[in-house]
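Heads up, the thing below is written out as structure tokens.
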Protein chains: 2
Amino acid sequence: MELHEPELRDVPVTAVLAALADDVRLKIVRTLADGGEHVCGTIELGIAKATRSHHFKVLREAGLTRTRVAGTSRYVRLRREELDRLYPGLLDAVLTAPARS
Amino acid sequence: MELHEPELRDVPVTAVLAALADDVRLKIVRTLADGGEHVCGTIELGIAKATRSHHFKVLREAGLTRTRVAGTSRYVRLRREELDRLYPGLLDAVLTAPARS
DNA sequence: ACCGTTGTTCGACAGTCGTCGAACAAGCTC
DNA sequence: GAGCTTGTTCGACGACTGTCGAACAACGGT
């Protein structure tokens with residue numbers, strides 16, 4: 001299993017923004033914002049698992065998440081420190097924004 | 001001429017992020033970041049004017065810019081104060097980010 | 001009144017994106 | 001090993017997006 005996790009500085013800002021510009025992915029990011037590791041499947045999203053897998057892939061390849069494989073599960077967490085270092089304020093701004101109505 | 005400029009709070013965060021997640025529009029925003037008014041046509045973008053018009057429309061309808069009509073020209077400026085109030089840190093994070101290589 | 005300038009709108013087109021079911025892979029448990 | 005669970009991958013499909021040329025609209029200057 002190749003876990004493609006790019007260096008954040010190699011990811012264009014537009015890719016980071018595009019990754020955040022989706023309701024499903026934003027919900028994932030909000031959930032991960034507690035700082036802990038979450039198993040992909042435990043985040044309730046109301047979509048097919050293929051779609052779920054797709055969104056986690058987008059987040060990972062945009063440098064937003066770090067994934068640890070353990071058994072059949074994947075533990076995902078937000079790369080908050082790195083993000084705050086490279087884009088100070090971005091994550092906070094997005095997270096404190098009013099949730100989707 | 002109907003100038004559709006929504007209240008920022010009525011625009012979903014994802015729409016704001018999507019508007020910023022494009023190289024051309026990001027370049028426009030960076031140019032407008034000096035706080036002044038710019039005439040649409042004076043910003044060098046290297047694209048057809050139809051496309052240019054499209055991008056300015058996206059920015060306007062995402063609540064990112066304010067447009068003033070004067071003669072045949074449109075004066076555009078960034079809605080920075082409102083943006084900073086609703087999404088503190090977002091604009092700064094995007095603007096200080098390394099420009100697209 | 002004509003012409004040039006500035007922008008918008010209207011198809012059209014290619015490309016990307018979100019979504020899904022189905023098939024597959026890998027691990028755990030009995 | 002059989003079966004279940006957890007995710008990924010593979011088309012496929014419809015919707016949206018960025019791009020353009022052409023046509024149009026509105027204004028300014030001569």
Side-chain angles (χ1 to χ4, degrees), chain A residues 1-6 11-32 37-77 100, chain B residues 1-6 11-32 37-77 100:
Chain A
M1 172 57 53
E2 286 282 320
L3 268 194
H4 182 221
E5 292 182 346
V11 181
V13 204
T14 49
V16 176
L17 293 169
L20 291 169
D22 177 278
D23 283 325
V24 174
R25 290 193 293 266
L26 202 47
K27 179 166 183 182
I28 296 175
V29 170
R30 280 194 221 274
T31 304
L32 297 180
E37 275 186 331
H38 290 250
V39 176
C40 295
T42 61
I43 301 179
E44 192 50 47
L45 296 172
I47 54 176
K49 59 179 180 169
T51 312
R52 170 193 306 268
S53 196
H54 161 70
H55 285 303
F56 277 105
K57 184 179 182 181
V58 172
L59 288 173
R60 177 165 29 91
E61 295 188 343
L64 287 167
T65 60
R66 193 72 80 174
T67 305
R68 180 172 63 89
V69 180
T72 61
S73 298
R74 272 113 182 95
Y75 290 81
V76 188
R77 68 176 195 280
R100 187 81 178 78
Chain B
M1 171 58 54
E2 287 281 322
L3 267 193
H4 184 218
E5 292 183 345
V11 180
V13 203
T14 48
V16 176
L17 293 168
L20 291 169
D22 178 279
D23 283 325
V24 173
R25 290 194 293 267
L26 203 47
K27 180 168 184 183
I28 296 176
V29 170
R30 280 194 222 272
T31 305
L32 297 180
E37 275 187 331
H38 290 250
V39 177
C40 296
T42 61
I43 302 179
E44 192 51 48
L45 297 171
I47 54 176
K49 58 178 180 171
T51 312
R52 169 194 306 268
S53 197
H54 160 71
H55 285 304
F56 277 105
K57 184 179 183 183
V58 172
L59 288 174
R60 177 164 30 90
E61 296 189 342
L64 286 167
T65 61
R66 192 74 80 176
T67 306
R68 181 172 62 90
V69 180
T72 61
S73 298
R74 272 115 181 92
Y75 291 82
V76 189
R77 67 176 195 280
R100 188 80 177 80

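Proteins come first, then strands; the chains are lettered A, B, ... in the order of their sequence lines, and each starts at number 1.
Taking atom CZ on A/Arg60 and atom P on D/dG7, their separation rounds to 12 Å, with Å as the unit. Separating the CZ atom of A/Arg74 from the P atom of C/dG27 is a distance of 9 Å, rounded to the nearest angstrom. A/Lys57 places its NZ atom 14 Å from the P atom of C/dT16, with the value rounded to the nearest Å. In this structure, B/His38 atom NE2 and C/dT6 atom P are separated by 17 Å, rounded to whole Å. One can place CD of B/Glu61 at 12 Å from P of D/dG18, the figure rounded to the nearest angstrom. Following rounding to the nearest Å, A/His55 (NE2) and D/dG7 (P) show an atom-to-atom distance of 16 Å. Rounded to whole Å, atom C1' of C/dT6 lies 15 Å from atom CG of B/Leu45. Between the CD1 atom of B/Ile28 and the C1' atom of C/dG7 there is a distance of 13 Å, rounded to whole Å.
Across every non-hydrogen atom of B/Thr14 and A/Leu20, the tightest pair is CG2-O, 4.2 Å. Nearest heavy atoms, A/Ala19 versus A/Leu64: CB-CD1, 3.6 Å. Residues A/Leu17 and B/Ala21 approach most closely at CB-CB, 3.8 Å, considering heavy atoms. Scanning both residues, B/Phe56 and B/Ile28, for their nearest heavy atoms gives CE2-CG2, 3.7 Å. Of all heavy-atom pairs between B/Val24 and B/His55, the closest is CG1-CD2, 3.5 Å.
Looking at heavy-atom distances under 4.0 Å, A/Ser73 makes contact with sugar-phosphate atoms alone, never a base. Residue-level contact check: A/Val58 touches neither bases nor backbone, having no heavy atom under 4.0 Å from any strand. Among the heavy atoms of the strands lying under 4.0 Å from B/Ala50 is at least one base atom, whether or not backbone atoms are also near.
Both B/Lys49 and A/Ala70 sit near DNA chain C, but only B/Lys49 has its closest nucleotide nearer the 5' end. Nearest-nucleotide assignment on DNA chain C puts the 5′-proximal partner with A/Val24, out of A/Thr72 and A/Val24.
Checked against C/dG18, C/dG21, C/dT9, the side chain of A/Arg25 finds its nearest nucleotide in C/dG18. Comparing D/dG18, C/dC20, C/dG7 by their closest approach to the side chain of B/Cys40 singles out C/dG7.
Contact annotation: B/His54 does not reach the phosphate of C/dT9 (side-chain N/O to OP1 or OP2, under 4.0 Å). Residue A/Ser53 has a polar side-chain atom (N or O) positioned under 4.0 Å from OP1 or OP2 of D/dT8. The side chain of B/Arg52 contributes no N or O atom lying less than 4.0 Å from OP1 or OP2 of C/dT8.
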